[in-house]
Amino acid sequence: MTKTLVPVLASLAMLSGGTFLALENPGWLPGGGESDRVLVFLVGSRAGVERVRAAVDPARVVASTADAIALREGRIVAVNAEAVAAPYTEAGWIERDIEIFHVEKNDGLKRNKSSEGAPDVDPERLARLRSLVSKPMLTAGEQLFVLQAMNDGIEF
């Protein structure tokens with residue numbers, strides 16, 4: 001078990017680090033840097049937006065509402081899709097395409113706490129997560145699947 005756990009933890013650390021680098025340094029990604037796309041991250045709550053607002057340099061914020069912030073790099077962090085319009089328009093990006101990522105917790109999947117305090121997990125989801133552990137490379141969809149599971153507090 002520990003032989004598979006170390007590569008999984010290393011992979012997850014790389015995925016988390018890559019996400020951080022993509023947010024902090026858009027030029028790090030192939031085709032990154034000055035792009036015509038605005039990347040929108042839906043975090044599901046004002047608390048999520050506030051965590052990002054507290055973490056970034058205020059000089060990077062080009063537009064702000066209670067439910068969203070827009071960063072000069074072409075990033076918007078918002079509670080939901082409805083909260084995107086005001087900072088998108090205020091930042092002057094009306095001609096730019098939008099790409100949306102949902103990074104909020106998915107409470108639609110089984111998240112009830114068992115008697116031990118760990119979340120109950122759909123057996124099929126857990127089996128898929130465990131099958132990804134042995135893969136040397138993950139597709140973008142598989143990476144998002146693993147990150148969502150981590151965000152939901154699932155240990156595998």
Sequence-distant partners of R51, salt bridge (charged side-chain N to carboxylate O under 4.0 Å, His left out), two or more places apart: none
Closest non-hydrogen atom pair, A83 against A78: CB-CB, 4.2 Å
Under the side-chain contact (heavy atoms from CB on, under 4.5 Å) test, residues paired with D57 that sit two or more places apart: A59, R60
Pairwise salt bridge (charged side-chain N to carboxylate O under 4.0 Å, His left out) hits with a residue in residues 38-48, at least two apart: R46-D67
Residue pair P87 / T65: nearest heavy atoms and the distance that separates them: CD-CG2, 4.2 Å
Partners meeting side-chain contact (heavy atoms from CB on, under 4.5 Å) with A54 (sequence neighbours left out): none
F41 CZ to L71 CG distance, which is reported to the nearest 0.5 Å: 9.5 Å
Shortest non-hydrogen contact from W93 toward G74: CH2-CA, 3.7 Å
Spatial distance of atom CZ (R125) from atom CZ (R130) [nearest 0.5 Å]: 13.0 Å
With sequence neighbours excluded, residues passing side chain to side chain donor-acceptor pair (under 3.5 Å) with E90: none
L132 side, atom CG; E142 side, atom CD - distance, nearest 0.5 Å: 5.0 Å
Under 3.5 Å donor-acceptor, R75 side chain and E73 backbone: yes
Nearest non-hydrogen partners of F145 and R128, listed with the distance: CD1-NH1, 3.2 Å
Gap separating the CD1 atom of I69 from the CZ atom of R53, nearest 0.5 angstrom: 5.5 Å
Pair D97-D36, side chain to side chain contact (heavy atoms under 4.5 Å, CB included): steps then yes or no: CA-CA 6 Å; D97 292 334; D36 288 340; 5.9 Å; no
side-chain contact (heavy atoms from CB on, under 4.5 Å) partners of V40, counting only residues at least two apart: V38, L42, I76, V84, I98, I100
